[in-house]
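Everything below concerns the one structure shown next.
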Protein chains: 2
Amino acid sequence: MDLAFGNVRSCIVHQFERVVDLTEDEVNLLMTLENNEREFQAGEELTRKGKYNNYFYTLQSGLACAIKTLADGQRQVLDIFLPGQIIGLQEIGLKNSFTEFRALTRLKAHPFPKQSLMKIFEQSPKLAKIFFTIMAREQAMLIERIVNISRRNAPERLAHFLVEMKMRLGSCACDFHLPINQSLIGDTLGISSVHVSRTLKHLRDLGLIDNKQGHIVINDLDGLIKLSSFDSGYLETSPEWK
Amino acid sequence: MDLAFGNVRSCIVHQFERVVDLTEDEVNLLMTLENNEREFQAGEELTRKGKYNNYFYTLQSGLACAIKTLADGQRQVLDIFLPGQIIGLQEIGLKNSFTEFRALTRLKAHPFPKQSLMKIFEQSPKLAKIFFTIMAREQAMLIERIVNISRRNAPERLAHFLVEMKMRLGSCACDFHLPINQSLIGDTLGISSVHVSRTLKHLRDLGLIDNKQGHIVINDLDGLIKLSSFDSGYLETSPEWK
DNA sequence: CGATTTCTTGATTCTAATCAAAAACAGTGG
DNA sequence: CCACTGTTTTTGATTAGAATCAAGAAATCG
């Protein structure tokens, strides 16, 4: 398995401490969200679609995604989850959800019941605030996805997507595994798989990237950023919310 | 001004009580968010774009929208706010926001500083939970917008948009004012204004709707729902989160 | 009532979808 | 290690949906 999607020690605490300093009590409170670990195989569903799901998951290692399937069988990928992210926040409070969460690689995740969140709110307003901030960041990413799909053409969309993945992975190396096929990329960006193939070739021809089966090399990050008019603002958290 | 966008008494409390029963203390706490009212003219910006904004707004009457403008001048409308909604939640915690909030009609809104939210979290976990639920609903709407833009063609998109507006307005009468021009509708749905005009004509020709300057009449709601495969699930809150 | 904005309609162009088939690749078991 | 199978990717040809350009009609505003 690729290092980029490898293990994160106590993933949620780690994630939170990037944002704020936690007291011992708060760390312990958060740790209660991670008391049982489950492993999923690549392709396995974390939640069965349609069935009401009472769990969140904190993703420890591997990759997952959220997929919405339409009545006519079309699919839309809503998010690709990296280690440290919380899976399922987006459908909190909804009567019934038709979002399906699926493992993209073999992965480890900690399921915890949605009620735990309420307990956390009661015991620590500070943590409530952080969950709020995380939710807001998710939302900012969704907004950026709307802009991307709605306003950019295929090469721009793909370039934006690749830059976003690179930024979120945070690796210095412009070189990472992307273990999803072109069909799923298309379902993320709202273009057909055939056109994804053509567009990847186009970006290769421009010398911006190289790719072969699930491996991306970014040759010209600035070029991709310029092409897609990528603005990282939506990934950055305000200091005062830390 | 149209009744549909008319006054809501103490809008946020009203909104919250649709979801949960509030104690006297909680009502008072919420009321602190509405202690000063401001009026904005149609077309006026609530927040100046680019400038850091420290305020939320609870919308009391009128309509507003959130717009993101790209570097090349293209616009994307992210949300259309109805009375009772909170404007600005989506950009909480973000370092810098390039979302612009603009009045679509003459409107009344209550600005309150973002810090107030933290105070509420400290004093009532129950209210924190409701804010969370509201945020989740916003997010569900964004997800639906992604699906709409990404997966449906122009007539389907427009039909979906009209059904959503009707559902959110909650009016029994399939007949409402929509005080935004076709250019803005296009910027909401990711199609050009010219194509909005053609598509509206198409829906009229099918006998599904009637429209003239800012006024929509839905003749065949079921037809629109079927055309757009509209599923209201994303607007409905789960009972256990109430 | 003139001026400006918005809406409609037509003609053309372009991007991406679809259809179809071949090539590359990954996984399987002999 | 290689043949067999199924999946994924590539490439080409065609079609469809929507953008763009342009100009006239309608509505709104002062």
Side-chain angles (χ1 to χ4, degrees), chain A residues 1-2 41-43 70 72-77 102 104-106 148-161 177-206 209-216 227-228, chain B residues 1-2 41-43 70 72-77 102 104-106 148-161 177-206 209-216 227-228:
Chain A
M1 200 81 292
D2 198 80
Q41 294 308 310
L70 302 201
D72 61 359
Q74 287 188 97
R75 295 181 311 175
Q76 178 65 43
V77 174
R102 192 177 282 277
L104 290 171
T105 66
R106 198 153 61 83
N148 204 26
I149 291 174
S150 183
R151 297 286 130 179
R152 293 193 252 259
N153 63 21
E156 292 164 357
R157 270 185 233 184
L158 194 48
H160 191 279
F161 172 74
H177 250 17
L178 193 63
I180 66 180
N181 62 30
Q182 296 182 359
S183 182
L184 259 201
I185 296 178
D187 287 339
T188 308
L189 300 176
I191 52 187
S192 70
S193 62
V194 173
H195 206 55
V196 171
S197 172
R198 280 190 236 271
T199 309
L200 278 170
K201 178 173 161 44
H202 178 64
L203 294 184
R204 282 197 304 270
D205 291 348
L206 290 174
I209 63 165
D210 273 312
N211 80 299
K212 47 178 181 251
Q213 60 269 11
H215 196 246
I216 302 281
L227 173 61
S228 62
Chain B
M1 201 79 292
D2 198 81
Q41 295 308 310
L70 302 201
D72 62 358
Q74 289 189 97
R75 294 182 310 174
Q76 177 65 41
V77 174
R102 192 176 282 276
L104 291 171
T105 65
R106 197 155 61 83
N148 204 26
I149 291 173
S150 183
R151 297 285 131 178
R152 293 193 252 259
N153 63 21
E156 293 164 356
R157 270 185 233 184
L158 194 49
H160 191 278
F161 173 74
H177 251 19
L178 193 62
I180 67 180
N181 63 29
Q182 296 183 356
S183 182
L184 259 202
I185 296 178
D187 287 339
T188 308
L189 300 176
I191 52 189
S192 70
S193 63
V194 174
H195 206 55
V196 171
S197 172
R198 279 189 236 272
T199 309
L200 278 170
K201 179 172 160 45
H202 178 64
L203 295 183
R204 283 198 304 272
D205 290 348
L206 290 174
I209 64 165
D210 273 314
N211 79 299
K212 47 181 183 249
Q213 62 270 12
H215 196 247
I216 301 281
L227 173 61
S228 61

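Within every chain, numbering begins at 1; the chains are lettered A, B, ... in the order of the sequence lines, protein sequences first and strands thereafter. Remember, it's a predicted structure, so these values are computed and weren't measured experimentally. Only heavy atoms go into these numbers, but all of them, side chains included; no hydrogens, no water, no symmetry mates.
We find the OG1-CZ distance between A:Thr199 and A:Phe161 to be 13.0 Å, quoted to the nearest 0.5 Å. Rounded to the nearest 0.5 angstrom, B:Leu189 CG and B:Glu156 CD are separated by 12.0 Å.
Overall, the helix from C:dT8-D:dA23 to C:dG30-D:dC1 carries an axis bend of 50° between its ends, with five pairs at each end and the value rounded to 10°.
For A:Arg198, the side-chain contact (heavy atoms from CB on, under 4.5 Å) test picks out A:Val194, A:His195, with sequence neighbours left out. Among residues two or more places apart in sequence or in another chain, the salt bridge (Lys or Arg N to Asp or Glu O under 4.0 Å) test is passed with B:Arg102 by B:Glu45, B:Glu100. The side-chain hydrogen bond (donor to acceptor under 3.5 Å, both in side chains) test applied to B:Asp210 returns B:Asn219, not counting sequence neighbours. Take A:Asp72 and apply the side-chain contact (heavy atoms from CB on, under 4.5 Å) test, not counting sequence neighbours, and it matches A:Leu70, A:Gln74. Residues satisfying the side-chain contact (heavy atoms from CB on, under 4.5 Å) criterion with A:Ser183, sequence neighbours excluded, are A:Arg75, A:Asn181, A:Asp187, A:Ser193. B:Thr188 meets the side-chain hydrogen bond (donor to acceptor under 3.5 Å, both in side chains) test with no other residue; sequence neighbours excluded.
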Where do N or O atoms of nucleotides 4-8 of chain D meet protein N or O atoms at under 3.5 Å, pair by pair?
unit_1, atom_1, unit_2, atom_2, d
D:dT8, OP1, A:Asn181, ND2, 3.3

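Between the side chains of B:Gln41 and B:Arg106, no donor-acceptor pair is found at a separation under 3.5 Å.
Within the 4.5 Å cutoff, side-chain heavy atoms of B:His202 are placed close to those of B:Leu206. The shortest side-chain heavy-atom distance between A:Arg152 and A:Leu158 does not fall under the 4.5 Å cut-off. Proximity of B:Ile149 to B:Ile191: side-chain heavy atoms (C-beta onward) are nowhere separated by under 4.5 Å.
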Does the protein touch nucleotides 11-26 of chain D at the base, only the backbone, or not at all? Give it as B, S and - per nucleotide, heavy atoms under 4.0 Å.
BBB----SSBB-----
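Of all nucleotides in DNA chain C, those with any atom nearer than 4.0 Å to a heavy atom of chain B start and finish, going 5' to 3', at C:dT6 to C:dA11.
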